[in-house]
Every structure is written in C-alpha cells, then in structure tokens.
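Have a look at the structure below before the remarks.
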Amino acid sequence: MKKLITLLLINLSIIAFSQNIIGSWQGDLHINGQKLPLIFHITEHNKTLSSAFDSPLQNAKSIPFSSTQYHNNEITLAADHLGITYKGKLVNKKIVGEFKQGNFVTKLDLTPHNS
C-alpha cells in the first residue's frame with residue numbers, strides 16, 4: 001500500500017509541476033536580415049497532440065504539422081510536406097528551440113501568443 005501511495009504522489013507532483021504546452025506560441029524567424037513571424041498552435045484532443053502554424057506575412061493559416069511529439073518538456077514538430085522540423089524545450093513559459101527547413105537552420109524561440 002505504501003508503494004502505491006508513493007507512486008500516486010510522484011505522479012501527482014509530475015502533473016503539478018509540468019508546464020503546459022497547449023496553446024498558441026509566437027516567434028520570429030530571422031532570414032537574411034528580415035523577420036518572418038510565425039505562430040504555432042498546439043492543441044489536444046482525446047489525449048493526442050496536434051499542431052499547425054500560421055505565417056501572417058505570407059497570408060498562410062493553419063498549415064498542419066504532420067507530427068507533434070511532447071515529452072519531458074521537449075517538443076518536436078514536423079511538417080514533412082514542407083521539409084520543416086522544429087525542436088524546442090519549454091522553460092519558464094517560453095519555448096527555446098531550433099527551426100529547420102532543408103539546409104536552413106536557425107534559432108527560433110517562442111512565447112505565448114495572445115490572439
């Protein structure tokens with residue numbers, strides 16, 4: 001019984017201290033001295049994560065990511081049809097990460113987006 005209570009308390013503490021990734025996040029890609037704002041939308045349905053992104057300057061909305069993985073405050077997003085991957089870590093309500101598309105690689109940090 002003590003082991004069961006201990007496991008329950010450990011699980012509750014993990015849930016209580018884990019950071020929430022669900023929501024909209026914004027950041028700017030820096031490309032040849034220009035800023036390209038991106039907004040990532042991460043949602044959960046039936047305990048499964050999915051995501052999409054907007055590129056407002058390109059009038060692109062709700063471009064789906066084909067894969068959304070989140071574990072230990074680390075997120076990996078992939079849009080295979082565009083050759084895009086994003087890997088980041090949620091730290092203090094900010095996602096610190098790296099954006100890749102083909103051979104292009106750059107830092108991309110995200111903060112909560114207020115719609």
Side-chain angles (χ1 to χ4, degrees):
M1 183 68 164
K2 281 186 176 182
K3 287 182 182 181
L4 179 61
I5 292 172
T6 302
L7 287 174
L8 180 61
L9 290 174
I10 290 170
N11 284 335
L12 288 174
S13 68
I14 289 170
I15 292 168
F17 291 107
S18 67
Q19 299 181 62
N20 192 4
I21 196 79
I22 306 302
S24 295
W25 300 85
Q26 65 186 12
D28 293 328
L29 283 180
H30 295 273
I31 306 168
N32 298 326
Q34 305 262 342
K35 287 184 184 179
L36 179 64
L38 296 178
I39 303 168
F40 291 5
H41 306 283
I42 303 168
T43 58
E44 181 181 33
H45 183 70
N46 292 331
K47 297 185 180 183
T48 300
L49 292 177
S50 61
S51 56
F53 71 97
D54 303 338
S55 179
L57 289 181
Q58 296 174 317
N59 293 319
K61 288 190 171 221
S62 300
I63 301 165
F65 283 102
S66 49
S67 173
T68 303
Q69 302 295 319
Y70 183 64
H71 185 67
N72 291 333
N73 288 338
E74 293 182 3
I75 189 155
T76 302
L77 307 172
D80 294 335
H81 61 291
L82 298 172
I84 292 173
T85 59
Y86 177 78
K87 292 184 180 185
K89 183 167 182 132
L90 183 58
V91 180
N92 297 325
K93 299 181 183 177
K94 180 178 180 180
I95 303 173
V96 178
E98 184 176 78
F99 177 94
K100 293 181 184 180
Q101 185 172 23
N103 293 327
F104 177 74
V105 180
T106 189
K107 179 178 176 169
L108 176 60
D109 294 343
L110 304 171
T111 57
H113 174 70
N114 299 320
S115 329

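FYI, side chains are in, hydrogens and waters are out, and symmetry mates aren't considered; it's all heavy atoms of this structure.
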Should we say atom NE2 of His81 is surrounded by more than 12 heavy atoms from elsewhere, each under 6.0 Å from it?
-> yes
To the nearest 0.5 angstrom, please state how far the [atom1] atom of [X] sits from the [atom2] atom of [Y].
X      : Y     : atom1 : atom2 : answer
Phe104 : Asn32 : CZ    : CG    : 7.5 Å
Thr111 : Asp28 : OG1   : CG    : 8.5 Å
Gln101 : Ile84 : CD    : CD1   : 4.0 Å
Asn73  : Ile95 : CG    : CD1   : 10.0 Å
Leu90  : Asn72 : CG    : CG    : 12.0 Å

Taking all non-hydrogen atoms of both residues into account, name the closest pair between [X] and [Y] and its distance.
X      : Y     : value
Ala79  : Pro64 : CB-O, 4.0 Å
Pro112 : Gln26 : O-NE2, 4.0 Å
Ser55  : Leu36 : OG-CD1, 3.7 Å
Leu57  : Lys35 : CD1-O, 3.7 Å
Ser62  : Asp54 : N-OD1, 2.8 Å

Please test Ile42 against Ile75 for side-chain contact (heavy atoms from CB on, under 4.5 Å), starting from the C-alpha separation and ending with a verdict.
-> CA-CA 10 Å; Ile42 303 168; Ile75 189 155; 3.5 Å; yes
Evaluate side-chain contact (heavy atoms from CB on, under 4.5 Å) for Leu29 paired with Thr106, printing each intermediate quantity in order.
-> CA-CA 7 Å; Leu29 283 180; Thr106 189; 3.5 Å; yes
For the backbone of [Y] and the side chain of [X], can you confirm whether one donor and one acceptor N or O come within less than 3.5 Å of each other?
X      : Y      : answer
Tyr86  : Leu108 : yes
Asp109 : Gly97  : yes
Ser51  : Thr68  : no
Ser66  : Ala78  : yes

Could you walk me through whether Lys100 and Glu98 pass side-chain contact (heavy atoms from CB on, under 4.5 Å), step by step?
-> CA-CA 7 Å; Lys100 293 181 184 180; Glu98 184 176 78; 3.1 Å; yes
Which of these, Val105, Leu38, Thr85, sits in a side-chain contact (heavy atoms from CB on, under 4.5 Å) with Phe99?
->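 That would be Leu38; it is the only one of Val105, Leu38, Thr85 passing the side-chain contact (heavy atoms from CB on, under 4.5 Å) with Phe99.
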Parallel, tilted or perpendicular: which describes the rings of Phe65 and Phe53, with under 30° parallel and over 60° perpendicular?
->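 Phe65 vs Phe53 ring planes: tilted.
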